Every structure is written in C-alpha cells, then in structure tokens.
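Below is one structure, written out as structure tokens; the observations come after it.
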Amino acid sequence: MFKRTHTCGELRSNHIDKTVSLNGWIHTVRLHGQVIFIDIRDRYGKTQLVFDSEDYNGNFEQVKKISIEDVISVRGNVRARGSVNPELETGEIEVAVDELLILNETAPLPFMINDRESATEDFRLKYRYLELRTKELQYNLDLRHRTYQVVRKYLSENKFIEVETPVLMKSTPEGARDYLVPSRIHKGRFYALPQSPQTYKQLLMVSGYDRYFQIVKCFRDEDLRADRQPEFTQIDIEMSFIDEEDIISYSTALTRKVFQDVINVELPETFPRITYHDAMNTYGCDRPDLRFGIELKDIKSYTDQSDFNAFKSAEMVKAIIVPGGSKYSRKIIDQLTDYVKTSGAKGLAWMKVQDGVLTGGISKFFVDHLQKTMMVDMELKDGDIILMVGDNTDIVHASLGALRINVAKREGLIIKGDFKPVWVMDFPMFEWDEKAHRHVAMHHPFTAPNPKDIEKLNSDPLHVLSRGYDIVINGSEIGGGSIRIHDTNVQQQVFDLLGINKEEAQAKFGFLLEALTYGAPPHGGIAFGLDRLIMLLADTENIRDVIAFPKTTSAMSLMDNSPSDVSDEQLKELGIALVKQK
RNA sequence: GGAAUCGUAGUUCAGUUGGUUAGAACGCCGGCCUGUCAAGCCGGAGGUCGCGAGUUCGAGUCUCGUCGGUUCCGCCA
C-alpha cells in the first residue's frame, strides 16, 4: 500500500504537478480501450484517475480487470483536466497513475452502492456495511457526529459535567417493558437495561453534581415505528436549584446552537409555548406540527341544530377545513375516510363550499340559515372542504389530528427547511387507565405536581397539572422533562395514587426515596431524543437513516441475525430453562 | 395483539379474464473502442416466481396457511 498523501476529496488545481498517493474504493470505471478513467472514492469525495496505455508502465491488462468497489492504492501525478467536471469538487484535476496496487478485489455486489434506491430495505439492512458507503448515510452519520460535538461543547462550557451511569440496572415497574439481562452469579435474578438513566441522574443531584449531562443509549422493549427503535440515544440533562424557566432557557439555547452550528439554520430566540389542553383541542395532538394551520374546530353546536342525527349522540364533533379541498374526488374522500378509520373513527363526514353554499356530503341536513351562520363563523371560502368526525374526545382528536397532517402533506403545505419549535406545557399528572383500572403517570412517577394543585392530589388527581414540559419541532417530540419531586412525602403520595403500595415502593424505589431524605436539592431536567433531532437535521422521516446499524420493524438485525438462539450450556450457566411455545 | 401493503434473474421492476419457451433495465461474463465522467457499441450466461398446502386438465396469476420487509392502530412512564 502507498500511504495516502491526500484524501479523494482533497486535490485542487493548486496541487497540479505534485506526486500524490490515494487510497479508496472504485466508484466507476470508464474503459475506452487504450485509456481508462476511474473515479476513486472515500468518504471525503471522489477523484478521477487516468491510465493511459502509452504512459502507464504497469500491467495495463490488470487495470482493465478492475471493477466497481475494489479497494486500490495508487501513486501518480496531479494534472489539469482537458475538460473540467463541474459536478465534482475535484473536477479541475485528475491523477495520471504511475503505480497501482489492488488491495482487495470485491466479490460481485448484492446491490449498487452509488444508488440507495437500487435495493429494497431488507436487502440493504442485511448488507448495512455496504449501504453505509452511500453518500446519504455518510452525510447523516457526519451530522450525528457534529451534533455530539456541539452538544458536548455547549454543555461543558456551561459547567455541565458528563457522567456515565450503569447500563446494568434494576428493573422498574411503570413505563415501557424492560430488556432483561440474567445474572449468572445470582441465578434467577435479572438486571434491566435502562429505559432512561432517570433515577441515576436524580441521585447525582442529591450527590451535588448540580449540572449533569450524558449522551446515552436507552432501551425499551416495545413495538417499533418509523421514528422508534428499541435502542436509541438520549441527550440526558439534569440540574439542581432551578425551575422550569432555567431548563427551558438552556434547552432552547442548546437546540438553537445545534441547528445553527450543524445545518446553519437560525431558530427563533425563544420558542412559543402551548398548553397540553390547547394543543389537544386545536391540533388533536400533544406534539403539534405548527408549520401549517388547519386547526380543529368544535362544530357540535352546529351539527346539533342540523338534521344529521348521527352526530347528535357524539360526545364531541370537530372539523378541519382544507383550503382548496373541494377538488377532492369521491375516491380521495374514500381514501381519507379509510385513513381516519385507522384511528378509530367510524367515518368521515364532509361538505364542500361552492358558489357561496355548502354542497355534497351531509350538506342537505343543514338548512340555509344554519349554513350561512357556519359560513360566517368559520370563515368558509369557495373551494374549501369541511371534514368532520363525531365520536368520543380521544377518537375525534386522534383521527382529525392525524388527518390534518395527511391533508397538509397532500396539499403541499409543508415547506422544506421550515422548522417550528414549540414548548408544550401544563401536562396532567395522571391519566386513567381503563384496562388496569388505576391512575398512570403521564410523564413518569418522579414528576412534580404544580404547587397550585397539590391539595387536589387526593381529591381530584386527574385535574392536577404537572411541572413537565416537552419540546416539539415540526410535530416530532424531540425532548421532554420535568421538575422532579424532591420531597419524600410527596413522592410517597404519588406512588400511592399510582397504586404502588408502601412495600412495593420500598422494594422498587426505596433507594431513591431514602436518598430524597438526605438533603435533596430541588432539581429537574430534560432528555432529548438524539435520533429524532438528527432526523430533523437530516430531513428524513425514518430513524433508520440516522442510526449506523438499525433494527427492522420486528426488532431484528438482518445483518447478524439477532436475536438468536444460545447454547444449552449458556442457559444452564444462567439457570434459565426455556418454555416450549405452542 | 390487530390492520394495510409488498415478496418474480445478482438488483429494481413488468407479466393480460388462470393457458405455448416467464420479459425489460441495471449489474455480471466475453469482445470492440485514446478523453470519458450514469461513457458507448456488439454478444452471452443468469429463474424452485419467499415457503407449504389446496382448487383446477393447467397456477407467477385464484384460496388458505406460514415466513420476511414496510407503514399504521394498540403499546412506547
């Protein structure tokens, strides 16, 4: 091997007449009989090599045999090109090769490296190390790398200290399913992989590390989505002697810094805030996409006056108005109807606005003066379509919340490169779980209740607001956190409400409860979903595009075929017996 | 746990109401070619139609099951 003097993206016209060595992969071969052009590639770029049979002293027949993705090492002279290639950063020059070494000849490739679309995803995942040679993934991983650096630099400069917490920890009730790790030394007992380092970071506050952060892997054994992997990365932050405003101001500044330094986008100095209540009512969703309008409107007062009886018994009736939607054909409306049905809606009612009147769909159930009132109140315009769902609150919000995003995409209302951050505040502390028949924490059991609501903890727990906050950008929840409970008694009260009795609380969280008795400072924090943040920076809808070795929707790694069977000896050593599945 | 959708040369896809020898492009192999840059031109090889049953004289095509990919609902404190 000739040790490289330059990378494949480095050479410019000021290098002309220099003798250089390059190492890399064959990107393309253009064979013209007596002259051969080869683009050599590494992660820095591409450079054209030329082999001329009249000048090349080596074995020209060997050069002819070179094929795409072979690894080579060359030495030669930089010279100006006859015709410049403006597509290439190194397009002003080429390297006339004197010596060639083929370092590794590639086997026939399962798919084409220069085109990510040339193979289906399962194939690319099986050969992920090849897909990682593509420009897009190399760019995305570079974004990710630069984000780590910006985060570490910003937080370090602000006196945050990076502390590693255990990956083998105690399994906790509540929240996501844990990934369990059997203990060999203590047969029959298990560690869990952290869903987040939540308890550890709170203990670090008790220990006096008043500004902590960590870029840390977290694990949740739940079903996957386009933006969810079983193992993912958080930027975990916790601070002492602070309130919500401190966390929000540092987090806003950190987010702005990342967007500025990584993709050169300037976000507003402060991010707008919305309450959970308003977000649900206006957008049907606790992570609203504010890049477009199409707000949910409560229309129950109108439908109750109409002759359309299907909505009379509905708990809630809401509508979205799509400008220009009156062009929708029966077929498109059917598609939208099927779409809202996936969120539990029984159907999708509609009316079009044409020539100043409501027409089609269920419009015949609305008498003239009612139509006029609606036109004025809702500021309806010719060309609009009203899409309506009546059902219980959850279904109305879920279905119309999803539909507004669907139609916004359909209508091209989402502008590329537009970022609309928002803080969502004032979450309820608890939700009622119908199946389990008990209260569950909306955020997590360590979230502090709003002091104003503290007396309602016993009388009216579902109306207690928490001191939690989420940061949302473009409909993606990229972070969330809270001010924590730092008082043992309040913590015990919350556990009671969650149906975790004293014994269980002691067994599961005794260490934390006890720690809170030894001088626990007021504290709070936030965790950013790093992968989702990178998705925004990389402008991709899929989390697999920002993770080097991701898993499939069924949590498999197609590359190494995990999870896989283990030997009987391994199981025996752990004291584990498998139950035969039928 | 549920729903939708996809699975055909190495790869991406086409394949008619079920009917003769399953096609194309790219890649691969061989040949020609001294200025290309997705090089070009000529030729060739390459298929258990995911897997398993069933219906039928006959299945890539229809039915059922199963495995795998993707997306969504449930789930994700």
Side-chain angles (χ1 to χ4, degrees), chain A residues 27-39 46-56 60 64-65 67-69 81-88 90-91 94 96 106-127 130 172-178 195-196 198-199 218-230 232 335 338-345 394-395 398-399 402 406 427 429-431 433 435 439-447 466 468 477 480 482 494 498 500 527 529 541-542 544 551-554 556 558 561:
Chain A
H27 194 70
T28 49
V29 179
R30 295 180 292 278
L31 170 65
H32 291 249
Q34 299 310 305
V35 64
I36 301 169
F37 300 98
I38 285 172
D39 290 341
K46 289 182 278 188
T47 300
Q48 175 165 286
L49 308 177
V50 188
F51 296 84
D52 190 318
S53 65
E54 287 179 10
D55 305 332
Y56 183 62
F60 198 74
K64 283 185 178 177
K65 298 282 183 215
S67 59
I68 287 171
E69 296 305 316
R81 286 216 200 177
S83 58
V84 168
N85 182 355
E87 304 287 308
L88 228 54
T90 60
E94 63 191 10
T106 185
L109 292 162
F111 60 93
M112 262 140 281
I113 308 297
N114 53 20
D115 180 14
R116 243 185 119 201
E117 301 303 309
S118 75
T120 47
E121 188 155 10
D122 50 337
F123 226 80
R124 302 194 314 254
L125 286 173
K126 181 172 178 188
Y127 298 98
L130 295 180
T172 52
E174 300 286 307
R177 290 186 191 91
D178 284 325
Q195 298 172 26
S196 83
Q198 182 62 37
T199 49
C218 301
F219 306 85
R220 294 180 188 174
D221 187 4
E222 296 292 346
D223 287 353
L224 292 85
R225 286 290 187 280
D227 64 349
R228 267 166 36 191
Q229 283 271 308
F232 61 100
Q335 283 171 11
D338 287 344
Y339 185 71
V340 294
K341 281 182 178 169
T342 64
S343 307
D394 287 350
I395 288 177
S399 56
N406 182 305
F427 288 87
M429 280 283 284
F430 308 104
E431 289 175 300
D433 186 328
K435 280 179 213 146
H439 292 99
V440 292
M442 187 129 178
H443 188 51
H444 59 54
F446 317 111
T447 301
S466 78
E477 184 199 324
S482 61
V494 169
L498 296 172
I500 303 172
E541 301 257 298
N542 202 299
R544 292 184 298 276
K551 295 186 171 53
T552 68
T553 313
S554 65
M556 296 239 298
L558 295 179
N561 262 313

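Here is the naming used below: chain letters follow the sequence lines, and residue numbers restart at 1 for every chain. Hydrogens, waters and symmetry mates are skipped; everything else that's a heavy atom, side chains included, is used. What you see is a predicted model, and the numbers here were worked out from it, not measured in a lab.
A donor N or O paired with an acceptor N or O is found under 3.5 Å between the base of B:rC37 and the side-chain atoms of A:Arg81. A:Ser67 contributes no side-chain N or O that forms a donor-acceptor pair with the base of B:rC28 under 3.5 Å. Within 3.5 Å, no donor on the side chain of A:Asp122 pairs with an acceptor on the base of B:rG7, nor the reverse. In this model, no side-chain donor or acceptor of A:Arg220 finds a partner on the base of B:rC75 within 3.5 Å.
Separating the P atom of B:rC51 from that of B:rA39 is a span of 35 Å, rounded to the nearest Å. For B:rG58 and B:rU70, the P atoms lie 38 Å apart once the distance is rounded to whole Å. B:rC6 and B:rC13: their C1' atoms are spaced 13 Å apart (whole Å). When the C1' atom is used for both B:rC57 and B:rU71, the distance is 42 Å, rounded to whole Å. Here, B:rC73 and B:rC62 have their P atoms 30 Å apart, quoted to the whole Å. B:rG69 and B:rC33 are spaced 50 Å apart, taking the P atom of each and rounding to whole Å. Across B:rU21 and B:rG27, the matching P atoms stand 31 Å from one another, rounded to whole Å. Across the P atoms, B:rU48 and B:rA3 are found 33 Å apart, a figure rounded to whole Å.
Of the candidates B:rU70, B:rC33, B:rG1, the closest approach to any side-chain atom of A:Glu121 belongs to B:rU70. Comparing B:rG35, B:rU12, B:rU70 by their nearest atom to the side chain of A:Ala119 picks out B:rU12. Considering only side-chain atoms of A:Glu222, the nucleotide from B:rG10, B:rC76, B:rG69 that sits closest is B:rC76. The side chain of A:Val50 lies closest to B:rG35, out of B:rU34, B:rG74, B:rG35. Minimum atom distance to the side chain of A:Thr120 is reached by B:rC13, of the listed B:rG74, B:rC13, B:rU36. Side chain of A:Arg225, nearest nucleotide from B:rC73, B:rU71, B:rC37: B:rC73. Listed candidates were B:rG10, B:rU70, B:rG35. Nearest to the side chain of A:Gln48 is B:rG35. Distances were taken from every side-chain heavy atom of A:Arg228 (C-beta onward) to each of B:rG35, B:rU70, B:rC76; the shortest belongs to B:rC76.
Counting heavy atoms from C-beta outward, A:Gln34 and A:Glu54 have side chains that stay 4.5 Å or more apart. Within the 4.5 Å cutoff, the side chain of A:Met442 has no heavy atoms near those of the A:Ser466 side chain. Two residues are said to be in side-chain contact when any heavy atoms from C-beta on lie closer than 4.5 Å; A:Ile68 and A:Met112 fail this criterion. Between A:Asn85 and A:Lys46 the shortest side-chain heavy-atom distance does not fall below 4.5 Å. Annotation: side chain of A:Phe111 is not in contact with side chain of A:Thr120 (no heavy-atom distance under 4.5 Å). Side chains of A:Phe446 and A:Thr199 form a contact here, defined as non-hydrogen atoms less than 4.5 Å apart. For the pair A:Lys64/A:Phe60, a side-chain contact is recorded, criterion being any heavy-atom separation below 4.5 Å from C-beta on.
When rounded to the nearest whole Å, the span between CD of A:Glu431 and P of B:rG74 equals 12 Å. The interatomic distance linking A:Tyr56 (OH) with B:rG35 (P) rounds to 20 Å, in whole Å. Put simply, CZ on A:Arg116 is 16 Å from C1' on B:rU12, counting in whole angstrom units. At whole-Å resolution of the value, CD1 in A:Ile113 and P in B:rG10 are 18 Å apart. At whole-Å resolution of the value, CG in A:Leu49 and P in B:rG35 are 18 Å apart. Rounded to an integer number of Å, the gap from CD of A:Gln34 to P of B:rU34 is 6 Å. A:Asp338 has its CG atom 17 Å from the P atom of B:rC72, to the nearest Å. Summarising the geometry, the separation between CG on A:Leu109 and P on B:rU12 is reported as 14 Å, rounded to the nearest angstrom.
Of the nucleotides present, B:rG69 is the one that pairs with B:rU5 by Watson-Crick or G-U wobble criteria, both distances under 3.5 Å. With a cut-off of 3.5 Å on both Watson-Crick or G-U wobble distances, the partner of B:rU17 is given as none. Pairing for B:rU56 is absent, judged as Watson-Crick or G-U wobble with the two contacts each under 3.5 Å. Remark: B:rG10 base-pairs with B:rC26; criterion is Watson-Crick or G-U wobble with both hydrogen-bond distances under 3.5 Å.
A:Asn542 comes within 4.0 angstrom of the backbone, heavy atoms only, and of no base. In this structure, A:Glu94 reaches the bases: a heavy-atom distance under 4.0 Å links it to at least one base atom across the strands shown. Backbone-only contact: A:Pro110 has heavy atoms under 4.0 Å from sugar-phosphate atoms and none from a base. Here A:Phe123 lies in heavy-atom contact (under 4.0 Å) with sugar-phosphate atoms only. A:Ser343 comes within contact range of no nucleotide atom at all, as no heavy-atom separation falls under 4.0 Å. Among the atoms of the strands shown, base atoms are found under 4.0 Å from some heavy atom of A:Asp52. When heavy atoms are screened at a 4.0 angstrom cut-off, A:Thr447 is found touching no nucleic acid atom at all. In this structure, A:Leu498 reaches neither bases nor backbone, as no heavy-atom distance under 4.0 Å exists between it and the strands shown.
Checked by atom type and distance alone, the side chain of A:Glu69 never pairs as donor or acceptor with a backbone atom of A:Thr106 at under 3.5 Å.
Judged by ring centres under 5.5 Å apart and planes tilted less than 30 degrees, A:His32 fails to stack against the six-membered base ring of B:rG35. Evaluation of A:Phe111 against the base of B:rU11 yields no stacking contact (centre distance < 5.5 Å, interplanar angle < 30° required).
To the nearest 0.5 angstrom, A:Arg124 atom CZ is 11.5 Å from A:Ile113 atom CD1.
Comparing A:Thr342 and A:Ser196 against RNA chain B, the residue whose closest nucleotide sits nearer the 5' end is A:Thr342. Nearer to the 5' terminus of RNA chain B, by closest-nucleotide assignment, is the contact made by A:Tyr339 (compared with the other of A:Tyr339 and A:Gln195).
In this model, the phosphate group of B:rA39 is approached by a side-chain N or O of A:Thr28 to a distance below 4.0 Å at OP1 or OP2. For A:Thr553 and B:rU71, the shortest distance from a side-chain N or O to OP1 or OP2 is below 4.0 Å. Applying the 4.0 Å criterion to OP1 and OP2 of B:rU12, one finds that A:Arg124 has every side-chain N and O outside that range. Side-chain N/O atoms of A:Arg30 include none lying less than 4.0 angstrom from OP1 or OP2 on B:rU36.
Salt-bridge check for A:Arg30 with A:Asp39: passed, with a basic side-chain N closer than 4.0 Å to an acidic carboxylate O.
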